[in-house]
Amino acid sequence: MNLLIVGGVAGGASAAARARRLSEDAHIVLFERGPDVSFANCGLPYYLGGEIAERDKLLVVTPDRLRRRFNLDLRVRTSVEAIDQAAKKVRARDLVSGREYEETYDKLILAPGAAPLRPPLPGIDLPGIFTLRNLQDVDRIKERLDGGIRQAVVIGAGFIGLELVENFVRQGIAITVVELQDQVLPPFDKEMTTPIAQELAGKGVSLLLGQSAEAFEPGPDALTVRLKSGQRLPAQLVVLGVGVRPENKLAVEAGLEVGPRGGIRVNEHLQTSNPDIYAVGDAIEVKDFVMGEPTQVPLAGPANRQGRIAADHIFGRAARYRGTQGTAIVRVFDRTAAMTGASEKVLKRSNRPYRKVYVHPTHHAGYYPGAEAMTLKLLFDPQTGRVLGAQAVGGAGVDKRIDVLAVAIQAGMTVFDLEEMELAYSPQYGSAKDPINMAGFVAGGLLRGDHPQVNVEQFLAAPASERPFLLDVRMPQEFAKGHIPGAVNIPVDDLRSHLGELPNDREIAAYCQVGQRGYLATRILRQTGFSAVNVGGGYKTYQLLVPNNDRVR
Ligand code: FAD
C-alpha cells in the first residue's frame, strides 16, 4: 500500500500515525508545506501571551520523532501542487530546492486545513497586519510585540480573536475589538455572550460591535484602521480573526466535488467523490450531527478523529464518521463559554421546532466555599424532549456540563434522561442535584405541563395591553435593586395570604431571580385557580437578554 497524505498537522498526522499502527508494511508519505508537523495550533495564542513560555512546547511531535516512531516518509517544506486522478499520482514541489517530482498512490488523504481569511480591503498588505495559523505567524506577531506595542486592533470577536485579546491585554496592550455581528462569539446565541462582553469591557477592552473595517492606512504611528462608520483606530498591530476558508485548491483543480462554501465533499467514510481519495479536517464539509445538513466546522477534535477514521477505512475497517456537533469552549479572562449541538439561531433559521430553558446554578454546592455561578441554556425537541443543543457561560464547571451534554446529544438522550443522570457529587465538585439534573427537571416539567413557562423575549415582544400580569416573587430588597418594568412585588413566602390582590381574569407571569421561586409561585397559583406561568430563567435571564435596559431601580 502506497499511502500519501497531504498536510501534516491535526488531521494528517493523526491519519499517518493510525495508518502505521494498522500496517507495518504500508509506505506512508506525509507531505507538509511548512517546516513543522503536528504542532499545537490551539496553543499559539497562549505562547504570545506568555502563559506557554517555551516555543518548543508547541511542537507536540518533532519531524524526527514522527519519522522514527512511525517510520514515516516525512517530507516537510514540500507542497503538493496537483493530483492526477487517472494516473493516481501527485506532483510535489520541494520548497527549498524548487525541485518538482511525482509520487504515485494507492490511497490519498487530503488534510490541508483551512486558511485564515484576508478580506481584500485597501491596505490589507501593510506591515503590521497579521493572521494567525502557524508558528511562522506567531513568530512574526511576537517579533512585532517585542518591538513594543501600545495599541492593537483585533478584527473579529470569534474564538481565536478573543483568545488573542486576552493574551494581548495580559501584556498591557490597549485593545479594540471590531466585530461585524452585534455580539461576540457569533456561533453562540447572543444573550449567552452578554457575560463575555461584560468581562471584556471590565478588563478595559473596547468592543465595537456591528462595525467593520473598511481600509487600513499607514499612519504616523504605524497604522490606522478605518471603519465603515468613519471611526479611525490607531494601532501598531492589527490581527485579523474573521474566519477561515477550506484549502480546497488541490481538490477543485483535480475535479473533486466541493460544497457551496468550498468544503471538500466526503461520504461517511470520509471518501471524496473519488473513493481512493479521502479528505479530513478543516478542509471538508461535514454532516451537522443534530441538523443533518452539510456544514463546515473547523475544530481540532473532529480533524483528529477524522484522520483516524480515514486510516481505519483505508485499512479495511468499517469506520464511519457520525458528523460534527460543534462542541467548543473558550476562556475569556475569568469566564468560560462553551457550547454543543445546535444553537437557538440555527434552529430558528431552519424552522426546526424547539423549546428552551435556562438555569443559573452554581458549579458546586452553594454552601461549600468557592461556588461559581453559571448560566446553562438547554435546547430540546418539544415533542420528544431530545436534547438538540446546549450553551453555558460562567466560571469553573462549565466545561464539565457541556461535555456531559455533548455526550447526551451524541447518545440521542432526552431531557427526561437528564433528570435521571447520576453524576459524581461531593460538595467540592457538584451538587446532589447537578446543574444537568436541574436543566432536565425544568425542561421535563415544561414538557409534562407541570411547569408552564413564558420566555422573557416572548413576554417583552407582546404589546403592553396583551402582556400577562407580571408578578415578582423575590424579596423586596431584591426587587428594589432592579426588576422587569411593570412588575408587582409579592414575595413567594407571602403569596398565599395575598392571593386576593391578584387578577383572576388574566394570566399571571411570575418570576424570581433564577426561576426556582417563580416555579413554586406558579405551582401555588395554578393550584388555587389562577392561570399562571413562570418567566423562564427569571430576572437573570432578563438581564442577559436586556443587558443595557431601563431596569427600574
Ligand atoms: P491544519 O491543522 O491547518 O493542518 C493542515 C496542514 O496542511 C497545514 O500545516 C498546511 O501547511 C498543510 N498543507 C495545506 N496544503 C498543503 C499542500 N498542498 N501540500 C502540503 N501541505 C499542505 N480548534 C479547537 O478545537 N480548539 C481550539 O482551542 C482551537 N484553537 C485554535 C487556535 C488557533 C490560533 C488556530 C489557528 C486554530 C485553532 N483551532 C482550535 C482549530 C484547529 O487548530 C483546527 O481545526 C485543526 O488544526 C484542523 O486540522 P487540519 O489537519 O484540518 O488542518
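This is a predicted model, so every value here is computed, not measured.
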Do the side chains of R21 and R308 get nearer than 4.5 Å, heavy atoms only?
yes
Do the side-chain N and O atoms of Q410 and Q325 include a donor-acceptor pair separated by under 3.5 angstrom?
yes
Would you call K88-D106 a salt bridge at under 4.0 Å N-O?
no
Ion pair K228/E214, N-O distance below 4.0 Å:
no
Would a 4.5 Å heavy-atom cut-off, applied to side chains only, mark L227 and S212 as touching?
no
Tell me which pairs pass salt bridge (Lys or Arg N to Asp or Glu O under 4.0 Å) where either residue lies in residues 24-48, with sequence neighbours left out.
R33-E247
Would you say that K142 contacts Y47 through its side chain, given a criterion of any heavy-atom pair below 4.5 Å between the two side chains?
yes
Non-hydrogen side-chain atoms of L256 and L110 separated by less than 4.5 Å:
yes
Carboxylate-amine/guanidinium proximity below 4.0 Å for E293 and K287:
no
Pair R91 + E100: basic N to acidic O under 4.0 Å
yes
Does a side-chain N-to-carboxylate-O contact under 4.0 Å join K400 and D403?
no
Salt bridge (Lys or Arg N to Asp or Glu O under 4.0 Å) pairs, two or more places apart, involving residues 319-332
E51-R331, E166-R331, E268-R320
Atom CZ of R65: over 12 foreign heavy atoms under 6.0 Å:
no
Distance alone, cut at 3.5 Å: any donor-acceptor contact between the side chains of K356 and Y358?
yes
Check ion pair D94-R77 (N to O, under 4.0 angstrom):
no
Candidate pair R20 and N71, rule side chain to side chain contact (heavy atoms under 4.5 Å, CB included), full reasoning
CA-CA 8 Å; R20 176 56 75 221; N71 186 24; 3.8 Å; yes
Any side-chain heavy-atom pair from K249 and V252 closer than 4.5 angstrom?
no
Closer than 4.0 angstrom, basic N to acidic O: yes or no for R67 and D73?
no
If we only count heavy atoms from C-beta on, is the E103 to L4 side-chain gap below 4.5 Å?
yes
Sequence neighbours left out, cut at 3.5 Å: what donor-acceptor pairs do the side chains of residues 386-399 make with other protein atoms?
residue: Q391; atom: OE1; partner: D189; partner atom: N; Å: 3.1
residue: Q391; atom: NE2; partner: D189; partner atom: OD2; Å: 3.2

Would you mind reporting whether Y321 and H269 have side-chain heavy atoms less than 4.5 Å apart?
no
Answer yes or no: is there a side-chain heavy-atom contact under 4.5 Å between V239 and I155?
no
